[in-house]
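Computed from a prediction, not measured in an experiment: that's the story for all the values here. We name chains A, B, ... by the order of the sequence lines, and we start the count at 1 in each one.
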There are 2 protein chains.
Amino acid sequence: MPNKRVTISDVARVAGVSRTAVSFAFNNPEQLGVETATRIVATAHELGYAPNPIARALLSRRTGVIGVLVPFTIAQSFANPFIAAFMQGVGEVCDEQSLAALIVSPLDGSLEQATRRAPVDGYIILGLNEDHIEIAPLSRRQVPLVIVDGDASAVSQVNVDDEGGAYAAAHHLLAKGHRDILMVTFQSPSPAHENDVYYGVGGRRLAGYKRAFAEYGLPLRYDHLMQSLTSIEGGAAAFGVAWSAGLRPTSVLALSDAMALGVILQAKRVGLSVPANIEVIGFDDVPLAQLTSPQLTTVHQPIVEKGATAARLLVEALGENSPPKKVLLPTSLVLRESTR
Amino acid sequence: MPNKRVTISDVARVAGVSRTAVSFAFNNPEQLGVETATRIVATAHELGYAPNPIARALLSRRTGVIGVLVPFTIAQSFANPFIAAFMQGVGEVCDEQSLAALIVSPLDGSLEQATRRAPVDGYIILGLNEDHIEIAPLSRRQVPLVIVDGDASAVSQVNVDDEGGAYAAAHHLLAKGHRDILMVTFQSPSPAHENDVYYGVGGRRLAGYKRAFAEYGLPLRYDHLMQSLTSIEGGAAAFGVAWSAGLRPTSVLALSDAMALGVILQAKRVGLSVPANIEVIGFDDVPLAQLTSPQLTTVHQPIVEKGATAARLLVEALGENSPPKKVLLPTSLVLRESTR
DNA sequence: CCCATTTAGTAAACCGTTTAAGGAGAATGC
DNA sequence: GCATTCTCCTTAAACGGTTTACTAAATGGG
């Protein structure tokens, strides 16, 4: 029996004024006599009145919330150190702009469905192109967007040099003489063509590996490519499968740090020591990578900065007609203990 | 020049029907002739119409978003492994109930201000009592609430056995003969009385330490109690100050894992080896605690479950008049490598 | 063939605010 | 002393939907 929330009308009635007067008392006190204004405020306080943010948002067309569209469940997102670091960057801008950030996950498997329900002013979109089937309706509706780790022309985008970073990682191993290199990859969301492993972030990173291999006159061996989920468990599973299949690589290139950590875990389980018996390089350089043992050699990308940049671009896009911008952030190979 | 969003009126006009008909076409198709309904849906699709979630929320009094009120900035929250684990639990319930979760941070230093702007259906409140000055207005307004790590009577609450867990940790060290124990604590938010270190989570944990000390006929020595921020840096700083002050403890009790990790870091910096020269016990058992080197001995609390429980209770509170519930989850000492 | 019922749609009210336009009375200008 | 300007407050419309009540036409039963 939650007795109805007290509205502006209640305050108006009790104070014996119009609803407009109450609104003025808070937002435009100079329109009112001092005595009336203070009386209204007092009544409001007494009644425990707080303006309904939804009603306000409807009128102002601003919720003060920005959405971050991710292809994971909410639980997975919070468990994912990459997302956590990214959101930290988004959060910095939100804090400074007095905004809030909402993680928007697929609803019944559909991101588009989810966007129909989320009360947000605009979206940062992770890992999907502007013309992706789930995203296109948004741009069509002129919803302010920023694409991260994907392609866009009509809206702003933020990317990192995935290809270059991956090249550096693969080159490093090849230069040290490794020839039996296992690659652990994740599935790209909805590739443009079936079996198109070159789509999206994963594709760009693989392209980097490929270029390095090519420089050594080697092809990218698809039988040395294990696909799994981008999580510690996924990485462990991938290495487990490879090992069971009889592969005995001398090093591993993982498409994400989480997978790399899983690989290391599983390698230890089958009795290998890292980096003595097998060297492992990850990708992303999540904060966690410095805390594990061994510390992870990985391709650094400025995740927090990426999040902050995306948020800043979205804030811009929320304003008057601002032209779309393209930002490319650098990557770099960070040598730690999981390689010799 | 973002041409206005297409509204239900636009669709109605183009399709040559009333706004009601358009609404029916989506929510109540059986009220309409099949031919009309499909025509309306087609027009809507063509125009790229999507109902405005805000308008909908205003009418239904439901946004589908639950707020998590935390005393940190958004950026800090996402960087905080405890919050991350907690939100993972909240997220599990959100995923299953098709809800979203919004982290609500202080606005201009005031949580109460922040709650006036957030478009949410109810709040999970971390670490503040129901009658806290920032919270009271909410309960007064009958906003559905769940208090976590705090006291409540009119609304549901979720707690863990902080006192018991802390007791176990202190007891463990004392039983091994330690007598020179440093305690690293964080400041409780807005204590009931000035200098009341026994307020809130921190207070309950300290009380547990105190009980263990008492069993050994020892007082809680306040000159062995360093207060700092609950972060890795904060822990490092606290140990640094203690060390500089000439303290040479044989073990450390930290009120959070983050602080414990900071202590270990700083201990290593001054040339100590953990656990050989100094033993360290944390609190919380964040997922990270198992990945560090040495792995952290700590008091386990079921963080994810705590988040999920809180979310479930809030979902209940969102429904018809449901009585408030009190849940107490257990804690347990987990021995790992930071103790011998 | 007439009355009752169903079908297919509409008009109007409502959710809780803000804002543009306006009006009554007091103060000011000339 | 009358027109004009302030001051202070109100009325009404708007934001973008949903829902209740109602109506006109079609159908059915006897």
Side-chain angles (χ1 to χ4, degrees), chain A residues 2-41 43-44 47-64 115-121 141-143, chain B residues 2-41 43-44 47-64 115-121 141-143:
Chain A
N3 52 3
K4 288 170 77 70
R5 269 191 68 167
V6 20
T7 76
I8 201 172
S9 303
D10 299 324
V11 179
R13 188 163 22 75
V14 174
V17 294
S18 70
R19 307 205 317 271
T20 307
V22 180
S23 179
F24 280 163
F26 287 101
N27 311 319
N28 242 346
E30 58 284 8
Q31 298 282 324
L32 257 39
V34 200
E35 192 264 339
T36 325
T38 52
R39 178 165 48 90
I40 294 177
V41 171
T43 326
L47 264 46
Y49 167 72
N52 182 332
I54 306 288
R56 229 176 218 204
L58 179 57
L59 207 48
S60 68
R61 292 191 188 77
R62 277 295 166 89
T63 62
T115 60
R116 292 173 166 269
R117 296 205 8 189
V120 304
D121 294 332
R141 265 186 259 141
Q142 314 252 15
V143 178
Chain B
N3 53 4
K4 287 170 79 68
R5 269 191 68 167
V6 20
T7 76
I8 200 173
S9 304
D10 299 325
V11 179
R13 188 163 20 76
V14 174
V17 293
S18 68
R19 307 203 326 270
T20 309
V22 180
S23 179
F24 280 163
F26 287 101
N27 311 317
N28 243 345
E30 57 284 8
Q31 299 280 324
L32 256 41
V34 201
E35 192 264 339
T36 325
T38 52
R39 178 164 48 90
I40 294 177
V41 172
T43 334
L47 263 47
Y49 168 73
N52 182 331
I54 307 288
R56 227 176 219 205
L58 180 56
L59 206 47
S60 67
R61 293 190 188 77
R62 278 294 166 88
T63 62
T115 60
R116 292 171 167 271
R117 297 204 8 191
V120 305
D121 294 332
R141 266 186 259 141
Q142 313 253 15
V143 178

A:Gln31 atom CD is separated from C:dT18 atom P, nearest whole Å, by 14 Å

The nucleotide from D:dC15, D:dT18, C:dT18 with an atom nearest the side chain of A:Ile8 is C:dT18

Rounded distance in Å - CZ (B:Arg13) to P (C:dT10)
15 Å

Applying a 4.0 Å non-hydrogen cut-off, can you work out what B:Tyr49 is touching in the nucleic acid: base, sugar-phosphate, or nothing?
sugar-phosphate

Rounded to whole Å, please give me the gap between CG in B:Leu32 and C1' in C:dT10.
11 Å

Ignoring backbone atoms, establish whether B:Ser18 has a side-chain N or O less than 4.0 Å from OP1 or OP2 of C:dT10.
yes

Give B:Ala50 one of three labels, base, sugar-phosphate or nothing, depending on what nucleic acid heavy atoms sit under 4.0 Å from its own.
sugar-phosphate

Provide the closest heavy-atom pair for B:Asp121 versus B:Gly64 in the form atom of the first, atom of the second, distance.
OD2-N, 2.8 Å

Would you indicate what B:Val22 reaches in the nucleic acid, counting non-hydrogen atoms under 4.0 angstrom: base, sugar-phosphate, or nothing?
nothing

Any donor and acceptor pair, going by atom type alone, linking the side chain of A:Arg116 with main-chain N or O of B:Ala50 inside 3.5 Å?
no

Rounded to whole angstroms, how far apart are CD1 on B:Ile40 and P on C:dG9?
7 Å

Write down the distance between CD (B:Glu35) and C1' (C:dG9), rounded to a whole number of angstrom.
13 Å

For A:Arg5 and A:Pro51, the nearest pair of non-hydrogen atoms, with its separation, is NH2-O, 4.1 Å

Minimal heavy-atom distance between B:Ala37 and B:Ala25, with the atoms involved, is O-CB, 4.2 Å

Only one of B:Ile40, B:Leu47, B:Val22, B:Val6 clears side-chain contact (heavy atoms from CB on, under 4.5 Å) with B:Val14; which?
B:Leu47

Whole angstrom is fine here: how far is it from CZ in B:Arg56 over to P in D:dT18?
5 Å

Closest of C:dG16, C:dT10, D:dG17 to the B:Ala21 side chain is C:dT10

Ranking C:dG16, D:dG17, D:dC8 by distance to the side chain of A:Thr36, first place goes to D:dC8

In terms of heavy-atom contacts, A:Arg19 and A:Ile8 come closest through O-CD1, 3.6 Å

How many Å lie between CZ on B:Arg141 and P on C:dG16, as a whole number?
14 Å

Detail all sub-3.5 Å separations between protein N/O atoms and N/O atoms belonging to nucleotides 19-27 of chain D.
unit_1, atom_1, unit_2, atom_2, d
D:dT19, O4, B:Thr20, OG1, 3.1

Mind listing the closest non-hydrogen atom pair of A:Gly48 and B:Arg141 along with its distance?
O-CG, 3.2 Å

Please report, rounded to the nearest Å, how far the P atom of D:dG17 is from the CZ atom of A:Arg61.
11 Å

